[in-house]
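So the structure is just underneath, and the comments pick up after that.
First listed ligand is number 1; within each ligand, the first listed atom is number 1.
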Amino acid sequence: MKVLVINAGSSSLKYQLIDMATEKAIAKGGCERIGLDGSFCKHKANGKEKTITSPMPTHKEAIQVVLDALVDKEYGAISSMKEIDAVGHRIVHSGEAFNDSVLLTDENMATIESLTELAPLHQPANVIGVKACKAIMPDVPMVAVFDTAFHSTMPEKAYIYGIPYEAYTEHKVRRYGFHGTSHRFVSSEAAKYLGRENDPDFKVITMHLGNGSSISAIKGGKSEDTSMSFTPLGGVPMGTRSGDLDPAIVEFLANKYKMSLSETLTYLNKKSGVAGLSGVSSDFRDLSEAAKNGNHRAALALEVFEYACKKYLGAYAAALGGADCVVFTAGIGEHDAKVREAIVSDMEYMGIVLDKEKNAHIGDGIADVTGKGGKVKILVIPTNEELVIARDTERLTKRA
Ligand code: ADP
């Protein structure tokens, strides 16, 4: 079976064609500047890379460019569109409507569209991607895989805020959590790796640290708590997002900088985090370079980030009643050894011991970087959200 995985943003569309026999991507790429001048698609297959420039006024043209690239004689991966058995779409929000991936029936599509209010920037873009695909491939089964669904198992005490309960009952204000496909994937990989699959007591704290970062407490494969919140703005400071703040700061900043409410939210989403703190960059490679050269604000940004992550580690160990494993994943979690070291430093008192040498020299695949005498396994596990989407798509289309 071959599954096309689509992740549609407002002006972009990323894709991978995955052969389920090997679970490998046989083609991948992304279209950018959809709806703008100068749209293009970067496509990779057969060890070849090709940039296709073509007008893409809407996502429909973008999908057509992708399909043409996939069947291209020279740089394609399949001989005809008929080889695409199903399409899996990344959809950001499931609200409280779904606790698993679902087939994209008309009814489910309507429910997904009704959740736009909870993710006003992302959900409409995801929906446009599905509609464009359905218009071009009407007979191919399609599946929605949500960022939030994995966290639907959180207990009420973890998802309810300390505000009047009516805000939840009337307006669904609660913690939802994001990066669910990644937390699900790496926690199950960790359980497999440690021979703890199907163990209801296996406690793991997963740290998805990338441009956006979130940390989850997972027990027996179920999400018990997570750091991102009502929106992806909550939790630890990120590349450009502030993370958790005293809510009174919002009005204070709006007054001081003469910003509207929505400008203040943009400030917190796009201009804050380690980028705003350092004044250097949102990229951790740039920050370590600047810190090495004596830039205090860059060094401080790294420290603030590491300290916030460490606090979640302690909090989630408390919430779970201990931890068997800590997993690092995503861009920073997989590649930044110094950040990993700082987060777990001085936690020997709770059985967290890092092998610094192993941590500094990991290869591809899963790395066990637990130090001597460590009771809590520390693993680095490459995430693969596209594979989760493809597997769910296969599972649901086969069942149907
Ligand atoms: P996204 O959330 O956009 O999917 P990623 O998970 O790909 O992001 O993470 C991207 C971030 O990972 C970059 O902004 C950068 O900070 C960090 N990163 C990537 N590679 C490295 C590296 N080799 N060393 C340190 N940080 C890295």
Side-chain angles (χ1 to χ4, degrees), residues 5-16 25 28-30 32 42 90 92 119 121-122 125-126 145 147-148 177-186 189 206-216 226-228 231-243 269-293 295 297-306 308-309 327-343 359-365 367 369 380-389:
V5 175
I6 299 279
N7 181 355
S10 56
S11 69
S12 70
L13 186 144
K14 288 187 235 156
Y15 63 94
Q16 284 196 11
K28 60 168 100 174
E32 288 175 49
K42 276 196 176 159
R90 179 203 169 210
V92 68
L121 298 179
H122 293 102
N126 299 160
V145 181
D147 265 27
T148 50
F178 299 85
H179 292 144
T181 47
S182 179
H183 291 292
R184 167 150 72 107
F185 178 73
V186 297
E189 289 288 290
T206 49
M207 303 207 145
H208 177 109
L209 312 179
N211 212 0
S213 294
S214 68
I215 301 171
S216 290
T226 192
S227 63
M228 278 181 171
T231 74
L233 185 54
V236 296
M238 312 176 204
T240 64
R241 297 189 191 119
S242 65
N269 265 304
K270 300 259 160 86
K271 300 206 156 50
S272 300
V274 294
L277 256 171
S278 66
V280 172
S281 167
S282 63
D283 193 301
F284 276 56
R285 287 160 288 199
D286 301 336
L287 293 177
S288 351
E289 194 57 33
K292 223 189 286 165
N293 295 327
N295 184 315
R297 280 175 58 180
L300 178 64
L302 288 167
E303 271 188 284
V304 168
F305 176 78
E306 292 155 357
C309 293
V327 176
F328 286 101
T329 194
I332 300 159
E334 290 168 33
H335 301 295
D336 199 324
K338 282 210 173 112
V339 168
R340 289 196 299 265
E341 184 178 328
I343 292 172
N359 179 55
H361 301 101
I362 63 165
D364 297 335
V369 295
V380 182
I381 304 184
T383 194
N384 193 340
E385 290 162 283
E386 291 78 13
L387 181 56
V388 176
I389 295 173

With the side chain counted from C-beta on, respond yes when Ser213 and His208 share a heavy-atom pair under 4.5 Å apart, and no when they do not. no
For the residue pair Thr231 and Leu233, establish whether any side-chain heavy-atom pair is separated by less than 4.5 Å. yes
Decide yes or no for Glu289 and Leu287: does some side-chain heavy atom of the first lie under 4.5 Å from some side-chain heavy atom of the second? no
Exam field: side chain Thr240 to backbone Asn269, donor-acceptor pair closer than 3.5 Å: yes
For ligand 1, find each of its N or O atoms that sits under 3.5 Å from a protein N or O atom, and tabulate the pairs with distances to one decimal place.
from	atom 1	to	atom 2	distance (Å)
ligand 1	2 (O)	Asn211	N	3.2
ligand 1	2 (O)	Gly212	N	3.4
ligand 1	6 (O)	Gly331	N	2.9
ligand 1	8 (O)	Asn211	N	3.2
ligand 1	9 (O)	Asn211	N	3.4
ligand 1	12 (O)	Ile332	N	3.4
ligand 1	16 (O)	Phe284	N	2.7
ligand 1	20 (N)	Arg285	NH1	3.4

Any side-chain heavy-atom pair of Ser182 and Thr329 under 4.5 Å: yes
For Asp364, look at atom CG and say whether over 12 heavy atoms of other residues, nucleotides or ligands are found less than 6.0 Å away. no
